[in-house]
Participant: 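Sharing a structure, written as structure tokens. Questions coming.
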Amino acid sequence: MSRERQQSELGEEVKCSKCGEFWPADAEFFYMNKGRPHSWCKACYRNDPKIIAKNQRFLDKASKQRQQEAAA
Ligand SMILES: [Zn+2]
């Protein structure tokens, strides 16, 4: 699958398929999978309700674990 790319003075940029913005194709802006940037930028992943719910469950689990450790 091809995706939109552009060259800037900073290097290659790829388009986020969610927000439609171009971002540098590196791990600072995209989660990388086998050296390729995901189709969504990190900001979009962080703003996605499903991802937020998932992160919240993860945080809940982590805080429960800490409480159990504190109680033990
Ligand atoms: Zn985005």
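Counting convention: from 1, in listed order, for ligands and their atoms alike.
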Participant: Hey, does Glu12 have a side-chain heavy atom less than 4.5 Å from the side chain of Gln7?
Facilitator: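 Yes, at least one pair of side-chain atoms sits under 4.5 Å.
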Participant: Ignoring water, what protein N, O or S atoms are under 2.8 Å from the Zn ion (ligand 1)?
Facilitator: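 Cys16 SG, Cys19 SG, Cys41 SG, Cys44 SG, with waters left out.
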Participant: Enumerate donor-acceptor pairs with a distance under 3.5 Å from any side-chain N or O in residues 54-67 to protein atoms, sequence neighbours excluded.
Facilitator:
| unit_1 | atom_1 | unit_2 | atom_2 | d |
| --- | --- | --- | --- | --- |
| Gln56 | NE2 | Asp60 | OD1 | 3.4 |
| Ser63 | OG | Asp60 | O | 3.0 |

Participant: Tell me whether Ser39 contacts the main-chain N or O of Ser17 through its side chain, where contact means a donor paired with an acceptor under 3.5 Å.
Facilitator: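 Pair absent, no side-chain N/O of Ser39 close to backbone of Ser17.
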Participant: I need the full list of side chain to side chain donor-acceptor pair (under 3.5 Å) pairs touching residues 43-53, with sequence neighbours left out, sorted by first then second residue.
Facilitator: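 Those involving residues 43-53 are His38-Tyr45.
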Participant: Less than 3.5 Å apart, which donor and acceptor atoms pair up between the side chains of residues 23-35 and the rest of the protein, not counting sequence neighbours?
Facilitator:
| unit_1 | atom_1 | unit_2 | atom_2 | d |
| --- | --- | --- | --- | --- |
| Asp26 | OD1 | Glu28 | N | 3.0 |

Participant: Which atoms form the tightest heavy-atom contact between Pro37 and Arg3, and what is the distance?
Facilitator: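 Looks like O-NH1, 3.0 Å.
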